[in-house]
Amino acid sequence: MPQSSTQPIALAGVVLAGGASRRMGRDKATLPVPVPVAGEAASPNERRGATTMVEHVVGIVGQRCKPVFVVAAPGQRLPALQAQVVRDEVRGLGPLLATGRGLRAAAEAGTTRAFVCAVDMPLLTVELIDELANRAAQVDADVVLPWDGRDHYLAAIYRTDLAKRIDELVAAGERAMRVLVDSVDAQRVVVSDSRPLANVNSADDLHTLLQLTR
């Protein structure tokens with residue numbers, strides 16, 4: 001029976017950080033992200049210092065999800081994180097395999113659902129995670145994902161037992177997240193504000209996003 005929306009569901013967090021980042025030409029996970037001055041608006045003139053993208057995203061996810069897992073590539077260098085690092089066995093096989101590895105780690109930690117996101121989402125918010133979690137508490141779906149005219153597979157809540165289904169798909173040669181979502185019960189949440197879903201593929205993309213949030 002679906003849980004009441006008044007009872008927040010427990011979520012693990014899975015941050016996929018091991019992508020090849022071919023368009024960016026560098027590791028997105030360690031891309032510097034300006035840190036806003038506490039208590040001030042987050043405009044470029046009010047920023048000081050920097051953190052890395054992976055630290056920033058892990059910090060957001062960790063406000064709602066516990067435990068948090070970061071799925072990284074073999075040999076990928078990462079800063080110290082408030083998360084458990086799980087390594088892909090092979091680099092560059094795409095997000096489906098990495099999602100399966102993260103969901104398996106979350107299942108072994110005793111959680112039945114996990115919020116899975118890409119590392120390159122600087123505007124991700126706890127409010128977005130909560131919106132998806134509230135829907136997940138109301139329905140008995142395998143996947144709850146945001147929709148703003150297109151599906152966002154890497155900002156969604158997945159049942160952790162889908163790791164087994166992912167193993168089957170990968171063994172059959174599949175690599176696309178769409179194939180997984182199309183093969184299970186998926187519920188879509190229409191979002192009016194797409195900014196938290198924005199991804200970055202370059203330092204210029206990041207600069208533009210931060211300018212738009214002034």
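Since this is a predicted model, take the numbers as computed values, not measurements.
Annotation for Leu132 and Leu145: closest pair CD2-C, 4.0 Å, computed over non-hydrogen atoms. Scanning both residues, Leu154 and Met177, for their nearest heavy atoms gives CD2-CE, 4.0 Å. Here the closest heavy-atom approach between residue Val58 and residue Ala83 is recorded as CG1-CB, 4.0 Å. Closest of all the heavy-atom pairs between Val170 and Leu96 is CG2-CD2, 4.1 Å. Nearest heavy-atom pair, Ala109 versus Phe69, reported as atom, atom and distance to 0.1 Å: CB-CZ, 3.9 Å. Of all non-hydrogen atoms in Val139 and Arg113, the two that sit nearest each other are O-NH2, 3.9 Å.
A salt bridge (Lys or Arg N to Asp or Glu O under 4.0 Å) check over residues 168-181, counting only residues at least two apart or in different chains, returns the pairs Arg165-Glu168, Arg178-Asp182. Pairs of residues two or more places apart, or lying in two chains, that qualify as salt bridge (Lys or Arg N to Asp or Glu O under 4.0 Å) and include a residue from residues 55-73 are Arg64-Asp130.
Under the 3.5 Å distance criterion, the side-chain polar atoms of Lys28 are left unmatched by any main-chain donor or acceptor of Met53. Here the side chain of His56 pairs a donor or acceptor atom with the backbone of Pro122 at under 3.5 angstrom. The main-chain N or O of Ala141 is found under 3.5 Å from a side-chain atom of Arg159 such that the two form a donor-acceptor pair. Without hydrogens or angle criteria, Thr111 side chain to Ala106 main chain gives a donor-acceptor distance under 3.5 Å. Looking at Gln76, its side chain does come within 3.5 Å of a backbone N or O of Ala17 through a donor-acceptor pair. Here the side chain of Arg87 pairs a donor or acceptor atom with the backbone of Ala73 at under 3.5 angstrom.
Note on Leu11: it does not cluster hydrophobically with Val86, by side-chain heavy-atom contacts below 4.5 Å among ILVMFWY residues. Cluster annotation: Leu197 is not connected to Trp147 through the hydrophobic network of ILVMFWY side chains, with a link wherever side-chain heavy atoms come within less than 4.5 Å.
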* To do: For Arg104 and Asp167, run side chain to side chain contact (heavy atoms under 4.5 Å, CB included): C-alpha distance rounded to whole Å, both residues' side-chain angles, the deciding distance at 0.1 Å, then the answer.
  => CA-CA 10 Å; Arg104 185 173 299 103; Asp167 286 344; 2.6 Å; yes
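Taken from CG in Leu128 to CG in Asp193, the straight-line distance is 9.0 Å, to the nearest 0.5 Å. Atom CD1 of Ile9 and atom CD of Gln138 lie 10.0 Å apart (nearest 0.5 Å). Atom OG1 of Thr30 and atom CZ of Arg77 lie 9.5 Å apart (nearest 0.5 Å). We find the CG-CG distance between Leu169 and Leu97 to be 11.0 Å, quoted to the nearest 0.5 Å. Ser194 contributes atom OG, which lies 11.5 Å from atom CG of Leu123 (distance to the nearest 0.5 angstrom). Taken to the nearest 0.5 Å, the CG atom of Leu78 stands 8.0 Å off from the OG1 atom of Thr52.
Using a 4.5 Å heavy-atom cutoff, the side chains of Tyr158 and Leu180 are in contact. Using a 4.5 Å heavy-atom cutoff, the side chains of Val143 and Leu162 are in contact. Between Leu16 and Thr99 there is a side-chain heavy-atom pair separated by less than 4.5 Å.
Among residues two or more places apart in sequence or in another chain, the salt bridge (charged side-chain N to carboxylate O under 4.0 Å, His left out) test is passed with Asp185 by none.
Partner Glu127 forms a side chain to side chain contact (heavy atoms under 4.5 Å, CB included) with one of Thr125, Ile129, Leu124 and no other, that one being Thr125.
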